[in-house]
Amino acid sequence: METWETVDGSEENKNVIRVGTRKSQLARIQTDSVVEMMSKRFPSTHFEIVAMSTTGDKILDTALSKIGEKSLFTKELENALERNEVDLVVHSLKDLPTALPTGFTIGAVCKRENPHDAVVFHPKNHGKSLSSLPEKSIIGTSSLRRAAQLKKKYPHLEFRDIRGNLNTRMKKLDEKEDFSAIVLAAAGLRRMGWENRIGQILTSDECLYAVGQGALAVEVRAKDQDILNMVSALQDPETVLRCIAERAFMKRLEGGCSVPVAVNTFVKDSQLYLTGAVYSLDGSDCLKETMQSCIVFPQQDLEGPNDDLQHVGITALGVSHQALKSSESLGIGLADLLLSKGAKEILTVARQLNDAR
């Protein structure tokens, strides 16, 4: 607690909450949006942003799937959280592993942006779509998930790794002739204000998205009840239930960025629908199924402050306990269905091939 001097010279207490973020422009924009929401709800609190570089920001010459480290973009931020240098950290949910280190939890998942993938074309291909690009056009993506699905759908195209933050990738696309187009998350492009560069949004028929894509997560110390209560004001119940199902599916499959795992979720008439799929690296092998589960119950027993139950790393205060359990079970159930049909074999081969690349 810091003491602040008011205009008339008297002292008043003013909470200072330190918010950790990565240094990239997108990370800063995302963090600013969370701080803005928090400031509106807690006007007497002062939020201070602490930006830092992470391992993932520094290793730019290797595909993410090759590095194999699950906490590439989160470890340094969690270290700061552990040392009490920051009180909460804002992440893209898809960067967070399905099991968090002991002592941490996701205290809020904010309302989701469009979770789909988008194609940004080189200026010379303006107005084209993936299907109308010339034979052997090179598409940039570091995501095995995107490449596997799009190779199958568009066999006339070639896919190549592209690394760096959004600014770097756009520069590589526009200033060189190496790529005809690149595939990125629509949410990031929108948050950066680059919506006009989106040439094509990939539908669920073309490309299922990544677990948690488009959602922002606020990570806190699991035992810091005051901060947990505070950030829970940002919780979007539908987003949190969708993302718990997606993360439970991924966790059960032992998926990560080194294997192609993809999802699609939506809520309709009290039911949560989850589509999940696993692919071989070239997309030729694919297992894909859809299941649904009820997430609205007559008696809403809300998660209370004393429930330190986490669901795949998420503490969702104020959200129905039954709904949270139902969403998590849906993800596990769908993964078990795919595993019974041979998903483990597909993913093992994908992992081995990726390691050998």
Side-chain angles (χ1 to χ4, degrees), residues 65 70-71 91-100 105-106 109 112 115-117 143-146 148-149 185 187 202 204-205 207-217 236-268 271-281 283 285-295 309-316 319-351 354:
S65 61
K70 276 220 176 83
S71 52
H91 301 280
S92 292
L93 181 59
K94 71 172 181 177
D95 289 342
L96 282 170
T98 50
L100 297 189
T105 188
I106 296 163
V109 181
R112 195 175 209 166
H116 291 277
D117 290 312
S143 159
L144 299 179
R145 170 191 60 82
R146 290 170 181 147
Q149 294 181 80
L202 298 174
S204 296
D205 293 334
C207 193
L208 297 181
Y209 44 81
V211 166
Q213 185 158 303
L216 297 182
D236 182 66
E238 183 176 307
T239 301
V240 90
L241 294 172
R242 287 171 61 189
C243 290
I244 282 172
E246 293 171 17
R247 283 168 66 81
F249 172 72
M250 169 93 115
K251 187 176 184 181
R252 187 66 150 209
L253 289 174
E254 295 175 6
C257 62
S258 58
V259 286
V261 173
V263 293
N264 183 71
T265 48
F266 65 91
V267 174
K268 189 182 177 192
Q271 298 284 318
L272 170 59
Y273 292 82
L274 169 66
T275 299
V278 300
Y279 304 88
S280 58
L281 288 191
D285 271 353
C286 164
L287 284 173
K288 179 174 163 185
E289 295 289 345
T290 302
M291 284 173 73
Q292 69 196 74
S293 179
C294 180
I295 53 161
L309 257 183
Q310 287 194 36
H311 301 268
V312 275
I314 297 172
T315 302
V319 180
S320 156
H321 188 54
Q322 289 163 290
L324 293 165
K325 283 208 300 202
S326 176
S327 300
E328 189 167 5
S329 300
L330 174 63
I332 293 168
L334 185 63
D336 284 342
L337 176 61
L338 292 191
L339 288 167
S340 73
K341 297 187 170 203
K344 199 160 200 68
E345 291 69 24
I346 292 176
L347 293 178
T348 302
V349 172
R351 201 173 266 120
N354 183 53

Checking [X] now: which residues fulfil side-chain hydrogen bond (donor to acceptor under 3.5 Å, both in side chains) with it, not counting sequence neighbours?
X: T105; answer: Q310, T315
X: S329; answer: none
X: K341; answer: E289
X: S92; answer: Q30

Can you list everything that forms a salt bridge (Lys or Arg N to Asp or Glu O under 4.0 Å) with K288? Sequence neighbours excluded, please. none
Only counting residues at least two apart or in another chain, list the ones meeting salt bridge (Lys or Arg N to Asp or Glu O under 4.0 Å) with E345.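 Once residues adjacent in sequence are excluded, E345 has no partner under the salt bridge (Lys or Arg N to Asp or Glu O under 4.0 Å) criterion.
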Could you tell me which residues satisfy side chain to side chain contact (heavy atoms under 4.5 Å, CB included) with [X], sequence neighbours excluded, listed by chain and number?
X: S204; answer: H116, L208, N264
X: S143; answer: T141, R145, R146
X: V349; answer: L353
X: E328; answer: I244, A248, H311, V312, I332

Just wondering, do [Y] and [X] contact through their side chains at under 4.5 Å, heavy atoms?
X: L253; Y: L339; result: yes
X: L334; Y: V263; result: no
X: V259; Y: V278; result: no
X: V261; Y: L347; result: yes
X: I295; Y: V267; result: yes

Nearest 0.5 Å please: distance from the OG atom of S327 over to the CG atom of L272. 5.0 Å
d(D95 CG, Q213 CD) to nearest 0.5 Å is 10.5 Å
Short side-chain to backbone donor-acceptor contact, R247 and P97, under 3.5 Å: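 Flag set: sc R247 to bb P97 pair under 3.5 Å.
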With sequence neighbours excluded, what pairs up with Y279 under the ring pair (Phe, Tyr, Trp, His ring centres under 6.0 Å) test?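 Partners of Y279 under the ring pair (Phe, Tyr, Trp, His ring centres under 6.0 Å) test: none.
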Answer yes or no: is there an ion pair linking R112 with E238, defined by an N-O contact shorter than 4.0 Å? no
K251, E246, R252 screened by side-chain contact (heavy atoms from CB on, under 4.5 Å) with T98, the one that passes: K251
